[in-house]
K.L.:
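Mind looking over this structure? Questions follow.
Predicted model, so just to flag it, every value in this text is computed and none were measured. Below, chain A is the first sequence line, B the second, and so on; all start at residue 1.
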Amino acid sequence: DIQMTQSPSSLSASVGDRVTITCQASQDITNYLNWYQQKPGKVPKLLIYDASNLETGVPARFSGSGFGTDFTLTINSVQPEDIATYYCQQYDRVPRATFGQGTKVEIK
Amino acid sequence: QVHLVQSGAEVQKPGASVKISCGASGYSFDVYAIHWVRLAPGQRLEWMGRINPGDGDTKYSQNFQGRVTFSADTSANTAYMELRSLRSEDTAVYYCAIGMVIFGAFDTWGQGTMVIVS
């Protein structure tokens, strides 16, 4: 099975900071990589699909990059409403899906 | 507007079974696969598998093979997930989700169903 490893597991940032979260796949997944935001007590929300495409309605301060095994989610100028846990997720045609362990983002 | 509405919270004893429903509206129910994902306390989101309501085809994660069954009632636009032989580690919020736009990306989620095994 494909393993997804995120880092860091948690971070604390000041409002306006640039935040970077990484996700590494245990094997090449080309660009089949999505990012989700889950706020406390809420449902996961799709932010980025196919590694770098912004889902409709998601603020432009969110961006994604990467291909193959290494991927990055960036939040430019993090805002208080971005407090959440962020997950990467891969999906293939077996089919199977695997999520990273999550990165909890807090505001200082 | 697309909606997935799940059944309410459950408390079950170890060894019992639970069956959760996921009612769909606002789209053609038999077109999109319904996936089941759970979030246990302190754990990561975990994909359990999916069902294609149109033909009933199911795929299960190896972690749940033999213990979970997905079904779908196309006349009621409702999908079901039954998990058997419950253990304390199955305490989690269970979600149904679909991906309507991009293969493998879950863009619409049910509200979640809390299952407590105690």
Side-chain angles (χ1 to χ4, degrees), chain A residues 1-10 21 23-26 29-58 62 64 71 73 84-104, chain B residues 1-7 9 20 22 24 32-55 57-65 68 70 81 92-114:
Chain A
D1 282 6
I2 299 173
Q3 307 300 318
M4 306 300 293
T5 304
Q6 274 181 248
S7 62
S9 56
S10 66
I21 299 168
C23 179
Q24 186 170 60
S26 60
I29 58 171
T30 63
N31 68 331
Y32 289 145
L33 191 285
N34 308 311
W35 290 96
Y36 297 84
Q37 174 194 64
Q38 186 170 29
K39 296 183 177 181
K42 300 295 185 182
V43 171
K45 175 185 176 182
L46 178 65
L47 296 178
I48 303 282
Y49 62 90
D50 290 348
S52 60
N53 296 285
L54 199 65
E55 173 74 340
T56 302
V58 174
F62 291 93
F71 302 87
L73 173 70
T85 299
Y86 294 83
Y87 295 94
C88 61
Q89 173 242 335
Q90 70 81 30
Y91 190 83
D92 61 33
R93 294 188 181 274
V94 173
R96 61 192 167 193
T98 310
F99 291 86
Q101 75 270 30
T103 296
K104 188 174 184 179
Chain B
Q1 197 166 6
V2 177
H3 284 295
L4 299 174
V5 178
Q6 298 181 223
S7 50
I20 298 169
C22 172
Y32 301 101
I34 289 186
H35 300 259
W36 292 90
V37 177
R38 77 176 186 181
L39 182 62
Q43 303 298 312
R44 69 181 69 190
L45 291 166
E46 184 175 19
W47 181 77
M48 300 177 69
R50 68 101 174 106
I51 181 168
N52 289 335
D55 60 9
D57 182 62
T58 55
K59 295 293 183 186
Y60 300 112
S61 164
Q62 285 187 338
N63 292 343
F64 299 95
Q65 192 81 36
V68 70
F70 303 147
M81 186 280 294
V93 179
Y94 290 78
Y95 299 98
C96 57
I98 61 172
M100 299 185 71
V101 178
I102 300 297
F103 174 78
F106 309 138
D107 48 44
T108 303
W109 295 67
Q111 84 275 20
T113 297
M114 180 76 214

K.L.:
Could you tell me whether the side chain of Cys96(B) reaches within less than 4.5 Å of the side chain of Met81(B), counting heavy atoms only?
P.N.:
no
K.L.:
With a 4.5 angstrom heavy-atom cut-off, which part of Ile102(B) approaches chain A: side chain, backbone, both or neither?
P.N.:
side chain
K.L.:
For Val37(B), is it the side chain, the backbone, both, or neither that has a heavy atom closer than 4.5 Å to a heavy atom of chain A?
P.N.:
side chain
K.L.:
Specify whether Phe62(A) and Tyr86(A) have parallel, tilted or perpendicular ring planes, treating 30° as the upper limit for parallel and 60° as the lower limit for perpendicular.
P.N.:
tilted
K.L.:
Should the pair Trp47(B) and His35(B) be assigned to parallel (<30°), tilted (30 to 60°) or perpendicular (>60°) ring geometry?
P.N.:
tilted
K.L.:
Who wins among Glu46(B), Gln43(B), Lys59(B) for the most heavy-atom pairs under 4.5 Å with chain A?
P.N.:
Lys59(B)
K.L.:
Output the option from Thr85(A), Asn34(A), Asn53(A) having the highest count of non-hydrogen pairs under 4.5 Å with chain B.
P.N.:
Asn34(A)
K.L.:
Do the ring planes of Trp36(B) and Phe70(B) sit parallel (below 30°), tilted (30 to 60°) or perpendicular (above 60°)?
P.N.:
parallel
K.L.:
Give, as side chain, backbone, both or neither, the part of Asp1(A) having an atom under 4.5 angstrom from any heavy atom of chain B.
P.N.:
side chain
K.L.:
For the candidates Arg96(A), Arg93(A), Gln89(A), which exhibits the highest count of non-hydrogen atom pairs separated by less than 4.5 Å from chain B?
P.N.:
Arg93(A)
K.L.:
Report which part of Gln101(A) has an atom under 4.5 Å of a heavy atom belonging to chain B: side chain, backbone, both, or neither.
P.N.:
both
K.L.:
Do you know which of Gln6(A), Glu55(A), Gln38(A), Lys42(A) has the most heavy-atom pairs under 4.5 Å to chain B?
P.N.:
Gln38(A)
K.L.:
Check whether Gln62(B) gets within reach of chain A through its side chain, its backbone, both or neither, counting any heavy atom under 4.5 Å.
P.N.:
side chain
K.L.:
Measure distances from Tyr95(B) to the heavy atoms of chain A and classify the residue's part below 4.5 Å as side chain, backbone, both or neither.
P.N.:
side chain
K.L.:
Test Asp107(B) against Lys45(A) for salt bridge (Lys or Arg N to Asp or Glu O under 4.0 Å), laying out the working first.
P.N.:
CA-CA 7 Å; Asp107(B) 48 44; Lys45(A) 175 185 176 182; over 6 Å; no
K.L.:
Please work out whether the ring planes of Tyr36(A) and Trp109(B) are parallel, tilted or perpendicular, with thresholds of 30° and 60°.
P.N.:
perpendicular
K.L.:
Between Gln65(B) and Tyr60(B), is there a side-chain heavy-atom distance shorter than 4.5 Å?
P.N.:
yes
